[in-house]
Amino acid sequence: MFKKFSFEDVSAQNQVKASVQRKIRQSIAEEYPGLEPVLDDILPKKSPLIVAKCQNHLNLVLVNNVPLFFSVRDGPYMPTLRLLHQYPNIMKKLQVDRGAIRFVLSGANIMCPGLTSPGGALDEEVEAESPVAVMAEGKQHALAIGFTKMSAKDM
């Protein structure tokens with residue numbers, strides 16, 4: 001989604017009011033309980049929070065001109081890959097095998113065989129329609145962030 005992203009894609013930037021900032025912080029805290037100890041470092045209360053509206057119904061949450069979270073339409077806020085690399089344990093993880101890496105980096109959807117093959121791994125607690133970090137076999141950092149269409153038990 002962000003591969004061809006540039007500043008021309010941003011249609012508006014607004015510094016949000018304190019009440020909207022509290023709602024954003026609360027929804028992020030509910031979605032990612034692993035961020036609770038460092039939430040004040042990531043989203044300081046005194047720092048201005050900017051929401052950038054982009055094409056394709058994409059909203060970016062910026063703090064000090066650094067994109068930290070994004071949401072598509074009115075969906076849940078998801079961390080950017082940069083933030084996920086700093087705090088890798090905030091999301092549930094799915095692992096794809098080595099053969100799927102280049103296709104996922106090119107934007108392909110992840111199919112069940114890529115997760116259930118010998119190199120793949122599933123977190124059994126993943127529910128349908130939940131945000132997950134996509135890890136790769138033999139790699140340290142996440143390569144994508146996405147939503148599941150079905151639960152891990154169904155896969």
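This is a predicted model, so every value here is computed, not measured.
- Of all the heavy atoms in Leu81 and Ala144, the pair that sits closest is CD2-N, 4.0 Å.
- Rounding to the nearest 0.5 Å places OG of Ser130 at 8.5 Å from CZ of Phe147.
- Ion pairing between Asp40 and Lys46 fails under the 4.0 Å rule for side-chain N and carboxylate O.
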Test side-chain contact (heavy atoms from CB on, under 4.5 Å) applied to Leu84 and Thr80, step by step: CA-CA 6 Å; Leu84 186 61; Thr80 60; over 6 Å; no
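- His85 contributes a side-chain N or O that, together with a main-chain N or O of Ala142, makes up a donor-acceptor pair within less than 3.5 Å.
- Looking at Tyr77 and Leu68, their side chains never come closer than 4.5 Å, going by heavy atoms from C-beta outward.
- With sequence neighbours excluded, the residues forming a side chain to side chain contact (heavy atoms under 4.5 Å, CB included) with Arg98 are Glu137, listed by chain and number.
- Two residues are said to be in side-chain contact when any heavy atoms from C-beta on lie closer than 4.5 Å; Pro79 and Ile90 meet this criterion.
- Within the 4.5 Å cutoff, no side-chain heavy atoms of Asp97 are placed close to those of Pro118.
- Residue Leu35 holds its CG atom at 10.0 Å from CE of Met91, rounded to the nearest 0.5 Å.
- With values rounded to the nearest 0.5 angstrom, Gln86 atom CD is found 8.0 Å from Arg82 atom CZ.
- Considering every non-hydrogen atom in both Val63 and Pro44, the closest pair reads CG1-CD, 4.0 Å.
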side-chain contact (heavy atoms from CB on, under 4.5 Å) evaluation trace for Val66 with Leu83: CA-CA 10 Å; Val66 176; Leu83 184 67; over 6 Å; no
Evaluation steps, side-chain contact (heavy atoms from CB on, under 4.5 Å), between Phe69 and Leu60: CA-CA 6 Å; Phe69 293 91; Leu60 288 173; over 6 Å; no
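- Using a 4.5 Å heavy-atom threshold, the side chains of Val134 and Ile145 count as separate.
- In the hydrophobic clustering, where aliphatic and aromatic side chains (Ile, Leu, Val, Met, Phe, Trp, Tyr) are joined below 4.5 Å either directly or transitively, Leu62 groups with Ile50.
- Note that CG of Leu58 is 7.5 Å distant from CZ of Phe70, once rounded to the nearest 0.5 Å.
- Using a 4.5 Å heavy-atom threshold, the side chains of Lys45 and Arg25 count as touching.
- No donor-acceptor distance shorter than 3.5 angstrom exists from the side chain of Tyr32 to the backbone of Ser27, with no hydrogens or angles considered.
- Atom CD of Gln21 sits about 8.0 Å away from atom CD of Gln15, to the nearest 0.5 Å.
- In terms of hydrophobic clustering, with Ile, Leu, Val, Met, Phe, Trp and Tyr side chains grouped at heavy-atom distances under 4.5 Å, Leu143 and Phe103 are assigned to different clusters.
- Residue Glu31 comes nearest to Pro76 through the heavy atom pair OE1-CB, 4.0 Å, listed as atom of the first residue, atom of the second, then distance.
- By the 6.0 Å contact criterion, CG on Asn109 is open, its count of non-hydrogen atoms from other residues, nucleotides or ligands being 12 or less.
- Between Ile24 and Val51 the shortest side-chain heavy-atom distance falls below 4.5 Å.
- Met135 CE to His141 NE2: the interatomic distance, rounded to the nearest 0.5 Å, is 8.5 Å.
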